[in-house]
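Right, one structure below, let's go through it.
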There are 2 protein chains.
Amino acid sequence: MARPSLSRDAIVDAAVALADDGGMGAVTMRAVAGKLGVEAMSLYHHVGDKRGLLEAAAERVWAQVDTTSRDSPMDASDWADDVRHIASCAYETLLAHAWALDVASSAGGEPRMRVIEAILDALTRAGLSSDDVYEGYHLIDAVILGYVAQQASYRGETGSGAGASAGAGAIPAGLDRVLEHAAAHQLERGPQSGFRIGLDLVLDSLARRVPAA
Amino acid sequence: MARPSLSRDAIVDAAVALADDGGMGAVTMRAVAGKLGVEAMSLYHHVGDKRGLLEAAAERVWAQVDTTSRDSPMDASDWADDVRHIASCAYETLLAHAWALDVASSAGGEPRMRVIEAILDALTRAGLSSDDVYEGYHLIDAVILGYVAQQASYRGETGSGAGASAGAGAIPAGLDRVLEHAAAHQLERGPQSGFRIGLDLVLDSLARRVPAA
DNA sequence: ACCTGAACACCGTTCAAGT
DNA sequence: ACCTGAACACCGTTCAAGT
């Protein structure tokens, strides 16, 4: 039973695996098929399109984000912890599959909507005005996507080039702050450290906008 | 003088133009050459690589961001306005050329470093601790990149699909907050409105961390 | 119903040849 | 020095044919 007759799920799995090591460019209809011991054209009986396959792969990534609240679902006081939990999980997951961010415009499908729902729900439970829920969600989402993009690009920079010191070409003379900043990057930091600091700063600002009980 | 003998600049210009309408996928060595009335292989005398060409194109986009401070260069009090000015300009520019964000990991080159320098300089002038400058820059950068990604994906969603109402497929039952949120999206809002609100929230938080003079 | 070989219209890139 | 035709090894996708 090396091949359970080829299923859509198996195809999407193979695409995710290929993208994880090798990036989105490594996802080729022929490569996906090869990984499943089948010819490229067989895939079209299950996925319709390469675009559709990539969207399904991105959706699978979003589905890995844990959106369950940690404690009693109606507890308003821990709304910030709930957001922290969901956002951290999303950050970690997306960073592990950074290619998922480059897939199509509106990728993510229902799994992504569940993440959005969970964040909106936490902000609503906090007692924020509906305007603040609206704007707060966008800010939190931007922070997640932004830090993932930032961190992914920083990784790619030091992971591939010959000399790991200078980054994307030496820093031109006169950009002294950038030079300092690059040096500060060398310091040891915990995982998520920058992201968590930024997220907490945003959450504190939002907490200040909760009307007094 | 239809063809000033083909220059690297002209090639990069053509690549930017093709990407602006048609996305990164429209940038093809053959298409770029065609736009310049030349054969594809001629490009290799000036750019070396398609990757290099795309990086040069992204660099040209970053170069459009205005990094000049608005008033006396040593004025510390307007550091927040300076950040607002640079960040808004970056947001607008990147949104107009959203493909530039998908180019290679560390794209942007020296022009992007100048943007980073300007932001770091403003935060330093504010009198923030070096740790806060470090983390504050990352947060601001994440906010810029995040809102651009968010807005670009929202655009792509309503710009292409058949029915403009539902977005990326209808919203599944049970996701009531998402439904509300999608409805709120229909309201008229100024350009940059979400981004400016998020950015201001972040800048306020940073301002609170400036040690008292 | 599911799989496949051959084929089509594309890619990026190389290389020897032209001027 | 700069440009190019032909060619190579790839793409995604279609289609008629096999089982």
Side-chain angles (χ1 to χ4, degrees), chain A residues 1-60 99-100 102-107 156 160, chain B residues 1-60 99-100 102-107 156 160:
Chain A
M1 49 134 69
R3 222 170 311 132
S5 102
L6 193 59
S7 69
R8 184 185 156 88
D9 268 8
I11 292 173
V12 176
D13 277 342
V16 169
L18 280 169
D20 281 345
D21 50 55
M24 225 175 59
V27 181
T28 265
M29 297 305 271
R30 284 168 169 91
V32 173
K35 210 174 170 68
L36 297 168
V38 97
E39 299 302 315
M41 316 78 192
S42 309
L43 306 180
Y44 287 91
H45 288 274
H46 303 90
V47 295
D49 219 349
K50 188 192 182 182
R51 197 174 122 81
L53 173 54
L54 286 174
E55 279 170 7
E59 200 168 313
R60 184 146 307 180
W99 52 267
D102 302 327
V103 175
S105 311
S106 57
S160 61
Chain B
M1 44 132 72
R3 223 168 312 134
S5 102
L6 193 59
S7 71
R8 185 185 155 88
D9 268 8
I11 292 172
V12 177
D13 276 343
V16 169
L18 280 169
D20 281 345
D21 51 54
M24 224 176 60
V27 181
T28 265
M29 296 305 271
R30 284 169 169 90
V32 173
K35 211 174 169 67
L36 297 168
V38 97
E39 300 302 315
M41 317 77 194
S42 308
L43 306 180
Y44 287 90
H45 288 274
H46 302 89
V47 294
D49 218 347
K50 188 193 180 180
R51 198 174 120 82
L53 173 54
L54 285 173
E55 279 169 8
E59 201 168 311
R60 183 145 310 181
W99 53 268
D102 302 327
V103 174
S105 310
S106 57
S160 62

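Here is how names work: the chains are called A, B, and so on, in the same order as the sequence lines, proteins then strands, and each is numbered from 1.
Between A/S42 and C/dT4 there is a side-chain N or O to OP1 or OP2 distance below 4.0 Å.
Atom NZ in A/K50 sits roughly 11 Å away from atom C1' in C/dC11 (whole-Å rounding). As a whole-Å value, the separation of B/H46 NE2 from D/dC3 P is 5 Å. Rounded to a whole Å, the CZ atom of B/R8 is 17 Å from the C1' atom of D/dC2. As rounded to whole Å, 15 Å separates atom C1' of D/dC2 from atom CG of B/L36. Taking atom OH on B/Y44 and atom C1' on C/dA17, their separation rounds to 19 Å, with Å as the unit. Atoms CD (B/E39) and P (C/dA17) sit 20 Å apart, rounded to a whole Å. One interatomic measurement links the two molecules: CG of B/L54 to C1' of C/dG12, which rounds to 12 Å at whole-angstrom precision. Between the CE atom of B/M41 and the P atom of D/dA7 there is a distance of 12 Å, rounded to whole Å.
Remark: C/dA7 base-pairs with D/dT13. Criterion, Watson-Crick or G-U wobble with two distances under 3.5 Å.
Proximity of B/V47 to B/M29: side-chain heavy atoms (C-beta onward) are separated by under 4.5 Å at one or more points. You'll find the side chain of A/L53 stays beyond 4.5 Å of the side chain of A/H46, heavy atoms only.
Residue B/T28 is in sugar-phosphate contact alone, with no base atom involved, counting any heavy-atom pair closer than 4.0 Å across all strands shown. Nucleic acid contact for A/M29: sugar-phosphate only, since backbone atoms but no base atoms lie under 4.0 Å from a heavy atom of the residue.
Between A/V32 and A/A14 the shortest heavy-atom distance is CG1-CB, 4.1 Å. B/A15 and B/A57 make their closest contact through CB-CB, 4.5 Å (heavy atoms, listed as atom of the first residue, atom of the second, distance).
For the pair A/T28 (side chain) and A/A31 (backbone), a donor-acceptor distance under 3.5 Å is absent.
No N or O donor and acceptor, one from the side chain of A/H45 and one from the base of C/dC2, sit under 3.5 Å apart.
Comparing A/L43 and B/A40, the nucleotide of DNA chain C nearest to each residue sits closer to the 5' end for A/L43.
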